[in-house]
Structures are given as structure tokens and as C-alpha cells.
Amino acid sequence: MATSGKNRAFPAGFTWGTATAAHQIEGGNTNNDWWAFEHTEGSGCAESSGDACDSWNRWEEDADLVAGLGLDNYRFSVEWSRVEPAEGEISRAALEHYRRLCGGLRERGIDPVVTFHHFTTPTWLTAQGGWESGVAVERFARFCTVVAEALGDVMSRACTINEPNIVATMGWHAGMFPPGKTDVDLSRTVAGHFIDAHRLSVDAIRGAAPGVPVGLTLSMTDYQLAPGGEEQLTSIRHHAEDIFLDATGGDDFLGVQVYTRMLIGPDGWAGYEDGVPVLDMGYEFYPASLANCLRRAWAYTGGALPLLVTENGIGTTDDAQRIDYVRQALEGVLDAIAEGIDVRGYTYWSLLDNFEWAFGYGPQFGIVNVDRDTFARSAKPSAAWLSSVAAANALPA
Ligand code: BGC
């Protein structure tokens, strides 16, 4: 890595945060498609999300943790199936809960970054055809208006849909997310509906909460060319990333979320190079993927939007490996900034060890451990490390 001797400080105003998502931490979200999927025989889910981290009740502990680390912001999601448990029926109590969370964060000096859709969809809506029929597009915009009206004065930033590319692919092509289908054409139809929903929801949020920056949070992978893979590489980038990047024109920022790289050959994924370290979930340990994706996002969008790293992290039981990963990823962010790329912040995924979707509670992405019986939180060394980097706004020498 070419950073030695270079300035290891981040620009003034660079923001530091950590992220979670409702279904992965709240517990008891029994009214959405994921809960149904977790309880479907043969879905491949390791276990039920159950009580998750009980953050619906313990949100103050979570806010205290983020404050204790001195981070600038906390990205979390609102659970649609709690706010709108039946079509058109709005739970004022659920909205009030999220208002309290935003207010509690602000009191602690933390900016609330609100994600409006993080993987889960209410079951009343999936029963109507949801993202597959496209009925969800308008319903989601309506939901965004309701939430933005309720939280507009207390949220600092809005993220519309988390990783729509992953939801479409994993749910309708790979069959690993609900509804567990394996139909590539359908996954592309769903992707189109998510793109429409993003555009409509930006307008809805801006209409109800003027002045709050809004953007998409997109999963990006450092796709690299293996011999003979040119055509596949172009096609994969097109369907997985470019069509979504095309939909971000006029947004206030682009959220970039990166975990790893993939080598692409003539038949798609070409597997791992010999000897590379592979993590629990099959991700190659490849921290340079973050900077490479920032470069690609910046080049593809022509620098039209400031970039925020809204997720980056590693699922590992080895916390020293986590520090090593984030340190190297941040070295790359410094390089990207030095090249002139406008990167405004870094968000570590995740604050807590939480429900890792089909993998259950095995993978550990958190900088804070959560006891599965008592829900007691205990910060790992990586939490203190990230905190010190954020305080210095620089990487240690
Ligand atoms: C998702 C998170 C997930 C993380 C690790 C991201 O794609 O937004 O919900 O936990 O990856 O797999």
C-alpha cells in the first residue's frame, strides 16, 4: 500500500459512524417477509431472528455505546411492518419510538441517519405481489412520506433503499432471501421496481422533509477481470451496479457499501485465487475492495455526487483481523481522497453482532458483542480502535 510517508489525516468534517438494521437488531419483527422466510421449512435459513439484540427495548444502551465511542452518526433503519402493520394502518406508537431514538441520539451528539428500507417488506404487501408485481413501488413512496413527516425535523440524513441490487439478486435469483426464487428474469423485473421506488421515494422524502440529504445505499463489489471474462464483467457490472448508479442522478449523496472482491471469468465468478484468505461467509479478505469501488463509483457517476461509505466491515471471530481489515480499508480511502475523490465519511458495519440474515447469528460483524442469553453488550478492542481513529480523524502512524 502506497500511503507511507503520506498524510494519514482525513479531511476536516469527515464523518465517522456505525450502522445497524431494524430486523437484525430489534427482535420480534414477526410481520415481515423475512420472519416468514426464517420460519419456512427448506428456506435455508440457519435460525429465526427471534429477539435479535432486543434493541427495540435497549435502544438507549445502543445510543450510549455509539456516544461512548465518540462517533458522529448512527445509521439504523425503520421497520416498515411496525410502522404500517396493515395496509394504510399507521402505528403512531412505532413512529414515536423512532422519534425517541432520533431525539436520544441527538441529545448524545450523534446524527441519526435513517434507512427507510433495509431488506424487509411487510407481509400484507408481499401478499399483494410486493416488489414482484411492482405494487410496492407506490406503497413504499407513501410509507416514506409518512416516516419523513414524522422524523423530518430530527433526522440528519435519509437513505432510501438499502442494497436493492442484493435484495433483487438474493431473493429472486439466488433464492437465499425471501421469497427464495431462482428466476433471473424476475430478479431483473424486481430490480427495475426498486429503481422506480428509489426515484419516487427521493421525491417523497424531499417533499415531506425538505433539506434532509437523501441518497441510495448501494452494495458494490470489486469485480476484477479473470482471463476471458470481459463480456461477463460488463454484464455483471451492468445488472448489479450500473443500472442503479444511473438512478442516482440529482441525489444528495451516494452511499457505497463494500465487503470484498470477486474475480470474473467467462462463466461468471471464477472462484478464489490460490491461497487467498476466505472468511466465514465466503468473502475473500480483501480490504482494498473499498477504495477500488469508490474509484469505480466516482468514475461511473462522473463525480456528480459526494460519496459516503455507508457500510464496510468484516464478519470474523478474530477481532484483530477486523482491525487489520478496517485499517487497510481506510488506507485505501485516504488514497482515494488523495486522488481527488470526494469521500465524506466512513460507516462501519456493524455496531453489534447481530442477525446475519440466512446465516443467523454465526457471523460476527460487530465491534460490540451481544450475549445471546442476556443481551449484555460488551465492546471489543476494535470498538476502541475505531473510536481513537475517529477522535484523531486520522489513522495511527
Ligand atoms: C447488508 C447488511 C449485512 C451485511 C453483511 C450488507 O450487505 O446491508 O444487512 O448484515 O451486508 O453481510
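This one's a predicted model, so the numbers in the text were calculated from it and none came from an experiment. Order of appearance sets the numbers: ligands from 1, and atoms from 1 within every ligand.
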Electrostatic pair [X]-[Y], nearest N-O below 4.0 angstrom:
{"X": "Arg377", "Y": "Asp62", "answer": "yes"}
{"X": "Arg296", "Y": "Asp242", "answer": "yes"}
{"X": "Glu84", "Y": "Arg139", "answer": "no"}
{"X": "Asp319", "Y": "Arg322", "answer": "yes"}
{"X": "Arg206", "Y": "Asp203", "answer": "no"}

Ligand-residue contact atoms, ligand 1 with [X], heavy atoms, under 4.0 Å:
{"X": "Met281", "answer": "12 (O)"}
{"X": "Asn162", "answer": "8 (O)"}
{"X": "Phe365", "answer": "5 (C), 12 (O)"}
{"X": "His118", "answer": "1 (C), 2 (C), 8 (O), 9 (O)"}

Next on the checklist: I'd like to know whether CE of Met176 has more than 12 heavy-atom contacts from other residues, nucleotides or ligands below 6.0 angstrom.
Outcome noted: no

Starting from [atom], locate the nearest protein heavy atom and write down its residue, its atom name and how far away it is, to 0.1 Å.
{"atom": "atom 6 (C) of ligand 1", "value": "Glu311 OE1, 3.0 Å"}
{"atom": "atom 7 (O) of ligand 1", "value": "Glu163 OE1, 2.4 Å"}
{"atom": "atom 4 (C) of ligand 1", "value": "Tyr259 OH, 3.4 Å"}
{"atom": "atom 10 (O) of ligand 1", "value": "Glu356 OE1, 2.6 Å"}

Checklist entry - What do you reckon, does Asn354 have a nitrogen or oxygen under 3.5 Å from a nitrogen or oxygen of ligand 1? => result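 There is no such contact.
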
Checklist entry - Which is it for Ile166 and ligand 1 at heavy atoms under 4.0 Å: side chain, backbone, both or neither? => result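 The answer is neither; Ile166 stays 4.0 Å or more away.
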
Item to check | Cation-pi check, Arg372 onto Tyr361 ring (under 6.0 Å, within 45° of axis) | outcome: yes

Checklist entry - Among side-chain atoms of Arg82 and Asn31, is any donor-acceptor pair under 3.5 angstrom? => result no

Checklist entry - Below 4.0 Å from any atom of ligand 1, is there a heavy atom belonging to Phe359? => result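 No, Phe359 has no heavy atom closer than 4.0 Å to ligand 1.
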
